[in-house]
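Notes follow the structure.
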Amino acid sequence: MDIKRIVEKRVMEEVKKYPPFNRALIALSGGKDSASLLHIFKKILPDKEILPVYLNLGIDGFSEKSEEFARIQAEKNGLKLIVFNVRKELGFTIMDARRVYPKVCSVCGSIKRYLLNKIAYESGADIILTAHHLDDFLIRMLKSTLNAEIEELVRFKPYLPRNDNLVARGRPFWRVPESFISRYAHLEGLSFITEKCPIGMKKNIERIRKAIDILAVSENQKNVYLSSLVKIARKLEENVVPFEKAQLKPCSSCGFLSSNVTCSFCVRVKKIRSFIEGKQ
Ligand code: FES
Ligand code: ZN
């Protein structure tokens, strides 16, 4: 089977496992992975309504360029890109956030997760689709295992059902290696940004990526390792995590479900804004 069919088939097999949905939000970053995901969805599921969303985080010399690629990708599929500009909407950028939170990557990740959920919820989307692939899953799950981050390990799943105002999430590329997606994007002639986020200081992530490349002699072997990590995560979830699971309650400030009285998004936004005001 050629690479294009393998990638499309794996996505189709995943999507078939989801409960029925009509309107899907696809998070576009301007890169090859989300460009491929959008392209495949329009190709194999043309009846679904798709909302392509780009979050402009205000990263100098990078966000504007990647937004332009995201717009091209949406328009090529006959869709209008929805842009959420963090600077305009929230009054700060990820560059500002970095001054408050030097390890900004994980903070940025949780801000993005929150905003995508808010946009999806307010626009009536049934599901949020992101382009995390096999290598992302392996890296995240191995990192969580090595650091004994049990909640993290258990939480990173290919599908999360809807929970009140938390919209369902699907990661249909989770069994597709990054190298397959790269080839797919090239074979389909997709336009995408090749640069990576310049402020991501993910040295430890890169080390884990290299270690996986040494350990796995083939893409198939990566899938075997991922299955093993999933097995461990399931066992932990059955036997350990339920006892520790925090009850989700509406955030005291925004109302979205959270494990804290005030969700981490609201707490961080407040802290970043007061930092900026203090500097003015
Ligand atoms: Fe969030 Fe780079 S995209 S830190
Ligand atoms: Zn909140």
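In each ligand, atom 1 is the first atom listed, and ligand 1 is the first ligand listed. Small disclaimer: the values here were computed from a predicted structure and weren't measured.
Counting atoms of ligand 1 from 1 in the listed order, those under 4.0 Å from a heavy atom of Lys112 are 1 (Fe), 3 (S). If you number the atoms of ligand 1 from 1 as listed, the ones under 4.0 Å from a heavy atom of Cys108 come out as 1 (Fe), 3 (S), 4 (S).
Close placement of the Phe256 and Tyr121 rings is indicated, their centers lying within 6.0 Å of each other.
Ring-plane geometry between His186 and Phe192 is classed as perpendicular, the angle between the planes exceeding 60 degrees on a 0 to 90 degree scale with a lower cut at 30.
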Inset, instruction - Take Met12 and Lys9 through the side-chain contact (heavy atoms from CB on, under 4.5 Å) test and state the conclusion after the steps. - result: CA-CA 5 Å; Met12 196 63 190; Lys9 192 168 164 269; 5.6 Å; no
Legend entry - Steps toward side-chain hydrogen bond (donor to acceptor under 3.5 Å, both in side chains) verdict (Ser66, Tyr54): CA-CA 9 Å; Ser66 39; Tyr54 176 77; 2.9 Å; yes
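Heavy-atom neighbours of Arg183 CZ from other residues, nucleotides or ligands within 6.0 Å: at or below the threshold of 12.
With sequence neighbours left out, the side-chain hydrogen bond (donor to acceptor under 3.5 Å, both in side chains) criterion links Ser227 to Arg175.
Under 2.8 Å from the Zn ion (ligand 2), one finds the following protein N/O/S atoms: Cys251 SG, Cys254 SG, Cys263 SG, Cys266 SG.
The distance from atom OG1 of Thr262 to atom NZ of Lys270, rounded to the nearest 0.5 Å, is 8.0 Å.
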